[in-house]
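Only one structure is covered here, and it is reproduced in the block below.
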Amino acid sequence: MSAIRVLSDLLVNQIAAGEVVERPASALKELLENSLDAGATEIEVRLLEGGGKLIQVADDGAGISREELALALARHATSKISSLDDLEQVRSLGFRGEALASIAAVSRLTLTSRRAQERHAWSIGCEGGAPAGPEPGALAAGTSVEVRDLYFNTPARRKFLKSEATEFAHCEEVFKRAALSRPDVGFALHHNGRVQRQLRAAPERHDVRVAAVLGEEFARSAVRLEQQAAGLRLWGLAGSPTFSRGTRDAQYFFVNGRFVRDKLIAHALREAYRDVLHQERHPAFVLFLELDPGAVDVNVHPTKIEVRFRDGRAVHQFIFHALSQGLAAPAAAAPAFEGASYQAAAPRPYAFPAAGVQGRLGTGLGVAQPEGFYQTLFGRRDDRAPEPEVPDTAGEAEVPPLGFALAQLQGIYILAQNAHGLVIVDMHAAHERVVYERLKAAMDQQAVAMQPLLIPVTFNADRLDVTTLEEHGETLRQLGFELAPLSPTAIAVRALPAMLKDADAQQLARAVLQDIREFGASRALTERRNELLATMACHGAVRASRALTLPEMNALLREMEATERSGQCNHGRPTWFQLTLAELDKMFMRGK
Ligand code: ADP
Ligand code: MG
């Protein structure tokens, strides 16, 4: 391991906003990352009172020399990078040299460490940022960090700590992510003196670790994925669409070993599952994307939970195709979990969306009209003039820019005819953009109408969902949700944003709770508002495979024309495409 050095000002300026110790779980995350970066093979976590009283992480990693202990606590001091080049190629989880300093500033911290060659350990203490020591300490090889009394010197922040159970739940989630990312490392978690989780190192047995962390039911029903192309590798377990999920969310995606929640990735995954997932259930997965560290910028977010790909488009396509293939060919896929006492579940048949052209050219023939679509999207069916008949000649003066719908293709595309030729619309992507812009407008006017549900939808929830709900009831109300905790593991949805009232209430509520949790406390609604709205829009938008009538298709086209930025969905993909008559003529070699 290289020496710890204070970063140059130049480099410090290149590093994204300083980290904040938002709650015990944020400190725990940093400590776990440090242990993994130090090459630990065993990591033990001890928490008291949800971490507020004590967070201790002990590892058997490389250790820190006596001379460097104080430096490890200094701001912008790190052994992991020393140049801009290093920053661009970073392979370690940490690189800012800030975490220990930030934690030490708001706690009573003790850092004890022993390098293998040293006769005994050394320890330094630090109370609210002022180090004392080093003194001889007791420890086998490795490092132990004790963080006591978080926020003892910042009572205002301390007040924001939630109940012990809530803080513990957040810590446990952070622990699970670390454990899933490294099956070759043994992990233990204790809370208030009781063992909560004990995970033995199982190198090469990712499936065993996943089963231990997320349950055997998931591991058994998932398909194992392994795809590689052009410097990208995607591997791991993808929950089969038929997996009947337990009560907890199980969506874990790692980029070069780092847990991320990234809109681009989330979108690629959702798209890949879209065709095979019935009724919009949440897919479960534990997936790893690996690529050259130079191709992904991890220095874009304070908690590093988001990344930026140099070629986002290529990454999106790769993930989408790799996963679609894996999900579409379950018979060929290896069973995901081969635990001794379990048989791999036989691949189950998938439900493919009803296919076929739903209307006929220019006849206005549609399928039965699904009630609600209009109202969901446009919310004013009644005061709308009847839809115009589809004219059988294009090029008339009043043909709107996106033309008139002719048919629906494979439940995915709307085909329309305008003055120039054929317009092809990705109906989900387009609808998503329309809903998103409408939500934004409604939020701007603080007028997100709530639609009470006649019969509340109740669902089994993760403990974290319930605590998120308790913490952010007001935010949720502003977004148009009325959710009520029924028990520590059950939630009732009483009202939804009126614009999304036909969305799957459970999935929508879960997705929003998850976003709020990820975005963190107070800033959720302001800074991350649009991302929340994008999530809502995606869940509220009409799904692929949904049969639309011609009037519905035309209504969507008209809405697109009236919507800003409707040329792209919220994820930057195009929503429609024009194929001109000239292009068609060329294809068919029709001379002019
Ligand atoms: P960063 O991880 O970004 O380098 P930190 O503040 O988390 O910054 O840690 C500062 C430095 O302290 C690290 O670069 C590393 O050299 C050292 N360090 C921290 N934790 C450990 C550990 N568990 N084992 C070995 N070294 C550690
Ligand atoms: Mg660190």
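Keep in mind that this is a model prediction, so the values were computed, not measured. Just follow the structure's listing: the first ligand is 1, and inside any ligand the first atom is 1.
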Proximity flag [X] to ligand 1, non-hydrogen atoms under 4.0 Å:
X	value
Glu30	no
Ala62	no
Asp37	no

Shortest reach to [atom] by a heavy atom, considering only [options]:
atom	options	value
atom 14 (O) of ligand 1	Ala58, Ala99, Ser79	Ser79
atom 12 (O) of ligand 1	Ser144, Ala72, Ser92	Ala72
atom 27 (C) of ligand 1	Leu31, Ile64, Val145, Leu100	Ile64

For ligand 1, the portion of Thr78 having any non-hydrogen atom under 4.0 Å away: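 Looking at Thr78 and ligand 1, atoms from backbone and side chain both fall under 4.0 Å.
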Answer with side chain, backbone, both or neither: which part of Ala77 has a heavy atom less than 4.0 angstrom from an atom of ligand 1?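 The part of Ala77 near ligand 1 is the backbone, not the side chain.
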Check for a donor-acceptor pair, side chain of Asp37 on one end and backbone N or O of Gly94 on the other, with a separation under 3.5 Å.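 Yes; judged by distance alone, with no hydrogens or angles, the pair exists.
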Any sub-3.5 Å donor-acceptor pair from Arg477's side-chain atoms to Phe481's backbone N or O?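 Side chain of Arg477 to backbone of Phe481, a donor-acceptor pair under 3.5 Å: no, none is there.
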Which atom names give the shortest non-hydrogen contact between Gly52 and Leu161, and what distance separates them?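 Looks like CA-CD1, 4.5 Å.
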Quick one: closest heavy-atom pair of Ile103 and Ser107, and the distance?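 Minimum heavy-atom separation between Ile103 and Ser107: O-OG, 2.9 Å.
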Please name the residue in the list Glu173, Glu470, Glu172 that meets the salt bridge (Lys or Arg N to Asp or Glu O under 4.0 Å) test with Arg463.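 One option only clears the test, and that one is Glu172.
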Enumerate the atoms of ligand 1 whose separation from the nearest heavy atom of [X] is less than 4.0 angstrom.
X	answer
Gly94	2 (O), 3 (O)
Glu98	6 (O), 8 (O)
Arg96	3 (O)
Ile4	12 (O), 16 (O), 17 (C)

Cation over ring, Arg23 on Phe160, under 6.0 Å and within 45°?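 No, Arg23 and Phe160 do not form such a contact.
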Compute both the distance and the angle, then confirm whether Lys304 meets the cation-pi test with Phe95: under 6.0 Å from the six-membered ring centre, within 45 degrees of the axis.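 Geometry flag: set, cation within 6.0 Å and 45°.
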Could you go through the salt bridge (charged side-chain N to carboxylate O under 4.0 Å, His left out) check for Arg46 and Glu44 one step at a time? CA-CA 7 Å; Arg46 290 177 185 277; Glu44 198 170 83; 3.0 Å; yes
For the residue pair Trp235 / Glu290, report whether a side-chain donor-acceptor contact shorter than 3.5 Å exists.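 Yes, because at least one side-chain N or O of Glu290 sits under 3.5 Å from a partner of the opposite role on Trp235.
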Is it true that Ser144 and Gln56 share a donor-acceptor pair across their side chains at a distance under 3.5 Å?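 Their side chains do contain a donor-acceptor pair, which is all the 3.5 Å distance test asks for.
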The Mg ion (ligand 2) contact by Thr78, N, O or S atom under 2.8 Å: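 No, outside the cut-off.
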Taking N or O atoms only and a 3.5 Å limit, does Phe95 qualify as a polar contact for ligand 1?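 Yes, since at least one N or O of Phe95 sits under 3.5 Å from an N or O of ligand 1.
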Test of proximity, Gly97 against ligand 1: N or O pairs below 3.5 Å: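 N/O-N/O distance below 3.5 Å exists for this pair.
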